[in-house]
Amino acid sequence: MADAVLFNVNDHVATVTLNRPDAMNAINSQMAKDLVQVCEAISVDDSIWVVVVNAAGSRAFSVGADLKERRTMPVDQWRVQRATLLRAFRALTDVERPMIAAVDGFALGGGCEIALACDFIIAGDRAEFALPEAKVGIIPGGGGTQLLQIGRAH
């Protein structure tokens, strides 16, 4: 497994860390592949009781898809990447353990959708959530429009 996602299990708690802080944890092809691999590992490990999804760095949980990577791709490669991203989002929603997103900083686009795929979101004071795909002419592809619930706990 590459280092775009870090995975650790300690005392029945799995920690999944999005680990591209220099790119504000933008989801590139490798991160998507890593997420699929980590979710598969969680699904077969009965010692895991709960999963915490967090992020490296202090500015962002994840700013969503890595648009810089996408701009360099020919159409056929982009289609392969899109299928990998969809597998990653599906893998997250298929995990049969309670999942907690620990979000501080930006959770935009696919980053917001990663958080929404979790059962609970614990948001820090600096957390900002958005699905800004419309600004680039696309719709949220990772389940954002299906998973988003509006409200605030008091």
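A quick note: this is a predicted structure, and the numbers were derived from the prediction, not measured.
Under the 4.5 Å side-chain criterion, counting only non-hydrogen atoms from C-beta, Val52 is not in contact with Ile122. Using a 4.5 Å heavy-atom threshold, the side chains of Cys39 and Arg90 count as separate. When side chains are defined from C-beta on, Asn10 does not count as touching Thr15, because their heavy atoms never get closer than 4.5 Å. Two residues are said to be in side-chain contact when any heavy atoms from C-beta on lie closer than 4.5 Å; Phe7 and Asp34 fail this criterion. Contact annotation: the side chain of Leu67 approaches that of Arg71 to within less than 4.5 Å [non-hydrogen atoms, C-beta and beyond].
Under the 4.5 Å side-chain heavy-atom criterion for ILVMFWY residues, a single connected hydrophobic cluster contains both Val95 and Phe89. In the hydrophobic clustering of this structure, Ile121 groups with Ile114; members are Ile, Leu, Val, Met, Phe, Trp, Tyr whose side-chain heavy atoms approach within less than 4.5 Å, directly or through other members. Linking ILVMFWY residues whenever their side-chain heavy atoms come closer than 4.5 Å, directly or via other members, leaves Val36 and Val38 in distinct clusters. Phe120 and Val13 fall within a single hydrophobic cluster, where Ile, Leu, Val, Met, Phe, Trp and Tyr side chains are chained together by heavy-atom contacts under 4.5 Å. There is a path of hydrophobic side-chain contacts, each under 4.5 Å, that joins Val16 to Val9.
Closest approach of Asn19 and Asp3 over heavy atoms only: ND2-O, 2.9 Å. Between Cys112 and Ala107 the shortest heavy-atom distance is CB-O, 3.2 Å. Closest heavy-atom contact between Ala55 and Asn25: CB-ND2, 3.5 Å. When all heavy atoms are compared, the tightest approach of Ala127 to Asp104 is N-OD1, 3.7 Å. Across all their heavy atoms, Pro98 and Val50 have their closest contact at O-CG2, 3.3 Å. Closest of all the heavy-atom pairs between Trp49 and Arg97 is O-CB, 4.1 Å.
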Practice item. Evaluate side chain to side chain contact (heavy atoms under 4.5 Å, CB included) for Leu85 paired with Met31, printing each intermediate quantity in order. Key: CA-CA 9 Å; Leu85 288 168; Met31 183 181 281; over 6 Å; no
Check your understanding: Do Gln77 and Ser29 pass the side chain to side chain contact (heavy atoms under 4.5 Å, CB included) test, and can you show the C-alpha distance, the side-chain angles, and the key distance before you say yes or no?
Key -> CA-CA 10 Å; Gln77 190 178 358; Ser29 298; over 6 Å; no
Exercise for review: Verify side chain to side chain contact (heavy atoms under 4.5 Å, CB included) between Val51 and Val53, making sure each step is shown before the conclusion.
Suggested key: CA-CA 6 Å; Val51 179; Val53 181; 4.2 Å; yes
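Looking only at distances, no side-chain donor or acceptor of Arg20 sits under 3.5 Å from a matching main-chain atom of Ala4. For Asp66 (side chain) and Ile27 (main-chain N/O), no donor-acceptor pair under 3.5 Å exists by modelled atom type. Side chain of His12 to main chain of Ile48: no donor-acceptor pair is present (N/O by atom type, distance under 3.5 Å, no hydrogens or angles).
Expressed to the nearest 0.5 Å, how far CZ of Phe129 lies from CG of Leu108 amounts to 10.0 Å. Considering CD of Gln30 and CG of Leu35, their distance stands at 10.0 Å, rounded to 0.5 Å. Taking CG of Asp22 as the reference point, atom CZ of Arg59 lies at 10.5 Å (rounded to 0.5 Å). Atom CG in Leu116 sits 11.5 Å away from atom OG1 in Thr93 (nearest 0.5 Å). In this structure, CG in Leu6 is found 9.0 Å from CG in Leu18, a value given to the nearest 0.5 Å. Here CD of Gln81 is found 8.0 Å from CG of Asn28. Values are rounded to the nearest 0.5 Å.
Every residue was checked against the salt bridge (charged side-chain N to carboxylate O under 4.0 Å, His left out) condition with Arg79, not counting sequence neighbours, and none meets it.
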